[in-house]
Every structure is written in structure tokens, then in C-alpha cells.
Amino acid sequence: MTTKAQIFGATLPVPSIESIVGKFSDHADTLVRVATGLFLMPHGAQKLFGWFGGYGLEATGQFFQTQMGFSNGYLAALGAGSVEFFGGLLLALGLFTRPAAIAVLVMLAVASTFHLGAGFFWTSGGWEYPVLWAILALNYAVKGGGRFSLDNALGNRI
């Protein structure tokens, strides 16, 4: 399929990129959803289980309380770790996608506030990384899991 494009006043037939890549839209969206979920899970595993070089729930809870100012650091670490690990798993599976994405979005919005003072760049502890993940979560909170999700297979419309 071709379309017409105006180039320097001339109308030229050009191949339509939509006809070439459009049929892969659902696949690409699924890949981004799965990657988003899977990339969040190790962060939760660090907090909850001490995996991947993390400190586990007790030490992370102490950090959240003494360094970040949470009144109950243990519960804050449990909540953040659970959202990252279990919410990430649900996103990857496309199961209860919208509620999981909303939980991730809220958690990352809160996390972003702790990074504001460090500027933009993540390499300096800035807000770039948590805001990027929050935007990805927002996308799935709005769109849902998509064609290749367990939600779609099960008829979940939440």
C-alpha cells in the first residue's frame, strides 16, 4: 500500500509505514508491558527478599524510616516491595492490569517526590527513572493489558 506525500511541492507515492509495521502494534505493546512488569520485579525482590543485592524487608524498612521519614518504615517497604514485585508480575502477565498499573503509578509518584531534590538525571539520584516508570504504568492503567493479556483471555474488563 502506498500513500501520497508532498515533498518540495511534488506529490510522490511513498510506502505507508502503517501497512508495514501497523500489524505489529499489539505485539510491541505486549512486549513493553511484559518488560515493564519484569523490570519492576527485581526491585521488589530486593526490598522483600534481599535478592539481587538488596537488603531485605527489615533493613529496607529501617532505611525507609530513618532516612526517608516514614513513620512505619517496615510497612512502607512492604508496600513498595509488594507493589514492585507482585504488581510487576501482574503487569507482565496482563492480569488485573489496570489495578496493578494504578498501584505502580501511585507508588512511583510517591517515590518520585523523594528524588526531586537531586535533579533530573537518574545517575545523580534524580527523578528521571521513577517518572519514566510511572508514565509506563499510567499507559497500562488507561489502556489495560491489551490483546495478548490474561485479562483479555479471561474477559476481565477492570
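Side chains included, hydrogens not; waters and symmetry mates left out as well; all remaining heavy atoms used.
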What about Leu48 and Trp51, same hydrophobic cluster or not, with Ile/Leu/Val/Met/Phe/Trp/Tyr joined at side-chain heavy-atom distances under 4.5 Å?
-> yes

Are the side chain of Ser25 and the backbone N or O of Gly22 linked by a donor-acceptor pair below 3.5 Å?
-> no

N/O donor-acceptor pair under 3.5 Å between Glu128 side chain and Trp122 backbone = yes

Can you tell me how far the CG atom of Leu75 sits from the CD atom of Gln65, to the nearest 0.5 Å?
-> 9.5 Å

Pair up each side-chain donor or acceptor in residues 143-158 with any protein partner under 3.5 Å, not counting sequence neighbours, and list the distances.
{"residue": "Lys143", "atom": "NZ", "partner": "Asp29", "partner atom": "OD1", "Å": "3.2"}
{"residue": "Lys143", "atom": "NZ", "partner": "Asp29", "partner atom": "OD2", "Å": "3.2"}
{"residue": "Arg147", "atom": "NH1", "partner": "Asp26", "partner atom": "OD2", "Å": "3.3"}
{"residue": "Ser149", "atom": "OG", "partner": "Gly146", "partner atom": "O", "Å": "2.8"}
{"residue": "Ser149", "atom": "OG", "partner": "Asn152", "partner atom": "N", "Å": "3.0"}
{"residue": "Asp151", "atom": "OD1", "partner": "Phe96", "partner atom": "N", "Å": "2.7"}
{"residue": "Asp151", "atom": "OD1", "partner": "Asn156", "partner atom": "ND2", "Å": "3.0"}
{"residue": "Asp151", "atom": "OD2", "partner": "Phe96", "partner atom": "N", "Å": "3.3"}
{"residue": "Asp151", "atom": "OD2", "partner": "Thr97", "partner atom": "N", "Å": "2.8"}
{"residue": "Asp151", "atom": "OD2", "partner": "Thr97", "partner atom": "OG1", "Å": "2.7"}
{"residue": "Asn152", "atom": "ND2", "partner": "Arg147", "partner atom": "O", "Å": "2.9"}

Answer whether the closest heavy-atom distance between the side chains of Tyr55 and Phe63 falls below 4.5 Å.
-> no

Under 4.5 Å between side-chain heavy atoms, hopping through other hydrophobics if needed: is there a path connecting Ile135 to Val32?
-> no

Check step by step if ring-ring contact (aromatic ring centres under 6.0 Å, His included) holds for Phe114 and Phe64.
-> CA-CA 11 Å; Phe114 289 93; Phe64 274 33; 7.8 Å; no

With distance as the sole test, does Gln46 use its side chain to make a donor-acceptor pair with the main-chain N or O of Phe52 at under 3.5 Å?
-> yes

Separation of Phe49 CZ from Thr60 OG1 (nearest 0.5 Å) | 11.5 Å

Are Leu90 and Phe85 connected, step by step, through hydrophobic side chains (Ile, Leu, Val, Met, Phe, Trp, Tyr) whose heavy atoms are closer than 4.5 Å?
-> yes

Of all heavy-atom pairs between Ser112 and Pro130, which one has the smallest distance, and what is that distance?
-> OG-CB, 3.4 Å

To the nearest 0.5 angstrom, please state how far the OH atom of Tyr129 sits from the NE2 atom of His115.
-> 10.0 Å

Interatomic distance, Thr36 atom OG1 to Leu40 atom CG [nearest 0.5 angstrom] = 7.0 Å

Using the side-chain contact (heavy atoms from CB on, under 4.5 Å) rule, take Tyr74 and Leu57 through it: C-alpha gap first, then chi angles, then the decisive distance, then the call.
-> CA-CA 7 Å; Tyr74 182 87; Leu57 198 48; 3.3 Å; yes

Looking at Met107, Lys47, His43, which one forms a side-chain contact (heavy atoms from CB on, under 4.5 Å) with Val83?
-> Met107

Is the backbone of Leu91 close enough, under 3.5 Å, to the side chain of Arg33 for a donor and an acceptor to pair up by distance?
-> yes

Between Val131 and Phe120, does a side-chain contact (heavy atoms from CB on, under 4.5 Å) hold up when you go through it step by step?
-> CA-CA 10 Å; Val131 168; Phe120 173 75; over 6 Å; no

Identify the heavy atoms of Ala118 and Ser124 that sit nearest to each other, and give their distance.
-> CB-O, 3.4 Å

State yes or no: do Val104 and Trp133 share one hydrophobic cluster built from I, L, V, M, F, W and Y residues joined by side-chain heavy-atom distances below 4.5 Å, directly or via other members?
-> yes

Closest non-hydrogen atom pair between Ala141 and Ala101, with its separation = N-CB, 3.4 Å

Group every Ile, Leu, Val, Met, Phe, Trp and Tyr by side-chain heavy-atom contacts under 4.5 Å, then state whether Val106 and Leu138 land in the same group.
-> no

Check whether any side-chain N or O of Trp127 sits under 3.5 Å from a backbone N or O of Gly119 as a donor-acceptor pair, and report yes or no.
-> yes

